[in-house]
K.L.:
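One structure is given below, represented as structure tokens, and several questions about it will come after.
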Protein chains: 2
Amino acid sequence: MNDIYKDLREQITRLVPFPDADWQDFVSHWHPMDVAKGAVLTKIGQVEDYFYYVHDGVVRVYALKDGEDISIGFSYNGDYTGAYDSFLTRAPSEWYIEAIAPTRLLKIDYNALSYLFDQYKAAERWGRLFNAQILIGMFRRQLETRSYSAEERFERLMQQSAHIFQLVPQKYIASYLGMTPETLSRMRNKSR
Amino acid sequence: MNDIYKDLREQITRLVPFPDADWQDFVSHWHPMDVAKGAVLTKIGQVEDYFYYVHDGVVRVYALKDGEDISIGFSYNGDYTGAYDSFLTRAPSEWYIEAIAPTRLLKIDYNALSYLFDQYKAAERWGRLFNAQILIGMFRRQLETRSYSAEERFERLMQQSAHIFQLVPQKYIASYLGMTPETLSRMRNKSR
DNA sequence: ATCGTTTCTTGATATAAATCAATCGCAATA
DNA sequence: TATTGCGATTGATTTATATCAAGAAACGAT
């Protein structure tokens, strides 16, 4: 089915009403892509050429520090993903982008998106508001990680996104929460 | 002197070339403001109405957690500041914005900036790229806090921004680095 | 279904940093 | 110049979380 595009439009319309006329051209630059679990979309050191919309599945963003991997975040249905800072700066990515489940995406490349920004005011505005939205999320998360202990962070995640434990292996969640898998395991089994 | 506006233009031009014609109107909405050390620009719970350009001085952004204050960041010459997420969402701010030295700013209010975004494509683009720039900084800082121990964070700050120790009291720097003032003090005096 | 990996759990121990407490230094003010 | 109060230092102790280690459970591939 092609309503993956319909979903994209809905997502974008939440930020900016897009005239039908412009939408035709806009959407024609987004290409569907299916990847298997374990597929790597972007490697550290690579310049990110794509910006992704996740229709279905789960994508993980992580960095490497002394061989250890550090999970930065996860994207699901309706989220965007990619090594977005590398995409913006054209500098090598500091993150791996990896599908951790079979995933269906739409992707657009840098040149196409730049063209759209030049061409359509609505696109430019969407870009601004989209960036703002990410920004707000990062502010929130920063406050979250700074204000709460490991245990509080775990409990808040349980309350706000319990479903994540079904989708993402615990070791990644542990890393995302800034603790070891052992610590997370203990916390889970204490409440039980 | 009025070259505070010249500095603003230079700052903005780094991201977007602004046509002279549009610039006149654009800049007319930015108003100068001088505040004393200790002045509070925005309080927690207040909706942020302004976006600031710091010409001179130092501004600190912090949050409160159980009475303790958590320093989130500092802005100096040429930086922007404000409770930017509140400014964007029109929701109550989660941060205090405070001058910690005599400070000279330019400020623009929400309605004026919205008007400029509507009016000028260059403004809209500046908004997008400006958001992107902040975003990139936050990504970098997130990786920084996640990848390094307290001691490494201290040493990296020393290398990259030693001047901050002249401008900002140590207890704020400690909080910014995610450690207690005692820990920071010990680290400083160990190397000496 | 079975074998081999990888992930999760549980326990014992180690450690970085926090907390508590006292003193010192210093800048602002009377 | 004396006084006051906040910030920085230094030491002793506590605590949360990491690390190390080993067994159990879950999962993927043959």
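Because the structure is a prediction, the values reported are computed rather than measured.
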K.L.:
Whole-Å distance between D/dG7 P and B/Ile173 CD1?
P.N.:
14 Å
K.L.:
If each of B/Ser185 and A/Arg153 is mapped to the nucleotide of DNA chain D with the nearest heavy atom, which maps nearer the 5' terminus, i.e. the 5' end?
P.N.:
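The residue mapped nearer the 5' terminus is B/Ser185.
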K.L.:
Rounded to the nearest angstrom, tell me the gap between atom NZ in A/Lys190 and atom P in C/dT9.
P.N.:
15 Å
K.L.:
In this structure, would A/Leu167 and A/Ile173 fall into the same cluster of hydrophobic residues linked by side-chain contacts under 4.5 Å?
P.N.:
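Same hydrophobic cluster.
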K.L.:
In this structure, how many angstroms lie between the P atom of D/dT15 and the CD atom of A/Glu151, rounded?
P.N.:
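Rounding to the nearest Å, CD of A/Glu151 and P of D/dT15 are 15 Å apart.
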K.L.:
Using a strict threshold of under 4.0 Å (side-chain N to carboxylate O), is an ion pair present between A/Asp118 and B/Arg125?
P.N.:
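A/Asp118 and B/Arg125: salt-bridged.
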K.L.:
Are a donor atom and an acceptor atom from the side chains of B/Asp25 and B/Tyr120 found within less than 3.5 Å of each other?
P.N.:
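Distance-only check passes for B/Asp25 and B/Tyr120.
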K.L.:
Please give me every residue in residues 58-70 of chain A whose heavy atoms get under 4.0 Å of an atom in DNA chain D, ordered by residue number.
P.N.:
none
K.L.:
Does OP1 or OP2 of D/dG28 have a side-chain N or O of A/Lys37 closer than 4.0 Å?
P.N.:
yes
K.L.:
Output the residues of residues 174-184 of chain A in contact with DNA chain D, where contact means a heavy atom of the residue under 4.0 Å from an atom of the strand; sort by number or write none.
P.N.:
A/Gly178, A/Met179, A/Thr180, A/Glu182, A/Thr183
K.L.:
Quick one: side-chain contact (heavy atoms from CB on, under 4.5 Å) partners of A/Ser147, sequence neighbours excluded?
P.N.:
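If we apply the side-chain contact (heavy atoms from CB on, under 4.5 Å) test to A/Ser147, skipping adjacent residues, the hits are A/Leu143, B/Lys65, B/Ile70.
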K.L.:
B/Lys171 has an atom NZ; how far is it from atom P of C/dT19, in whole Å?
P.N.:
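Checked: the NZ to P distance equals 16 Å.
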K.L.:
Decide whether a cation-pi geometry holds between B/Arg141 and B/Tyr176; the criteria are a distance under 6.0 Å from NZ or CZ to the six-membered ring centre and an angle within 45° of the ring axis.
P.N.:
yes
K.L.:
Rounded off to whole Å, could you give me the CZ-to-P distance for the A/Phe165 and C/dT7 pair?
P.N.:
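Distance, rounded to whole Å: 17 Å.
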K.L.:
Between the side chains of A/Arg90 and A/Asp85, is the shortest nitrogen-to-carboxylate-oxygen separation below 4.0 Å, so that they form an ion pair?
P.N.:
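No salt bridge links A/Asp85 with A/Arg90.
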K.L.:
Given B/His29, which of B/Tyr53, B/Tyr50, B/Tyr5, B/Tyr115 fulfils the ring pair (Phe, Tyr, Trp, His ring centres under 6.0 Å) condition?
P.N.:
B/Tyr115
K.L.:
Go through the structure and list residues passing side chain to side chain donor-acceptor pair (under 3.5 Å) with B/Ser175, not counting sequence neighbours.
P.N.:
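Here no residue qualifies.
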K.L.:
Begin with the C-alpha distance, continue with both residues' side-chain angles, and end with the deciding distance and a verdict on ring-ring contact (aromatic ring centres under 6.0 Å, His included) for A/Trp126 and A/Phe18.
P.N.:
CA-CA 9 Å; A/Trp126 171 72; A/Phe18 227 97; 8.0 Å; no
K.L.:
Below 4.0 angstrom, N of the basic side chain to O of the carboxylate: do B/Arg60 and B/Asp69 qualify?
P.N.:
yes
K.L.:
In this structure, how many angstroms lie between the P atom of D/dA16 and the CE atom of A/Met187, rounded?
P.N.:
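Distance, rounded to whole Å: 10 Å.
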K.L.:
Hydrophobic clusters join Ile, Leu, Val, Met, Phe, Trp and Tyr when side-chain heavy atoms are under 4.5 Å apart, directly or via other members; which others share one with A/Val47?
P.N.:
none
K.L.:
What I want to check is whether the side chains of B/Ser93 and B/Glu48 have a donor and an acceptor closer together than 3.5 Å.
P.N.:
no
K.L.:
Kindly point out which of C/dA12, D/dG28, D/dT9 is positioned nearest to the side chain of B/Asn189?
P.N.:
D/dT9
K.L.:
Taking the minimum atom-to-atom distance to the side chain of B/Arg186, which one of C/dA12, C/dT19, D/dG28 wins?
P.N.:
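Between C/dA12, C/dT19, D/dG28, the one nearest the side chain of B/Arg186 would be C/dT19.
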K.L.:
Would you work out how much the helix from C/dA1-D/dT30 to C/dA30-D/dT1 bends between its ends, with each end axis defined by five base pairs, to 10 degrees?
P.N.:
50°
K.L.:
Rounded to whole angstrom units, what separation is found between the CD atom of A/Gln170 and the C1' atom of C/dT6?
P.N.:
13 Å
K.L.:
A/Phe154 has an atom CZ; how far is it from atom P of C/dC8, in whole Å?
P.N.:
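Taking CZ of A/Phe154 and P of C/dC8, I get 13 Å after rounding.
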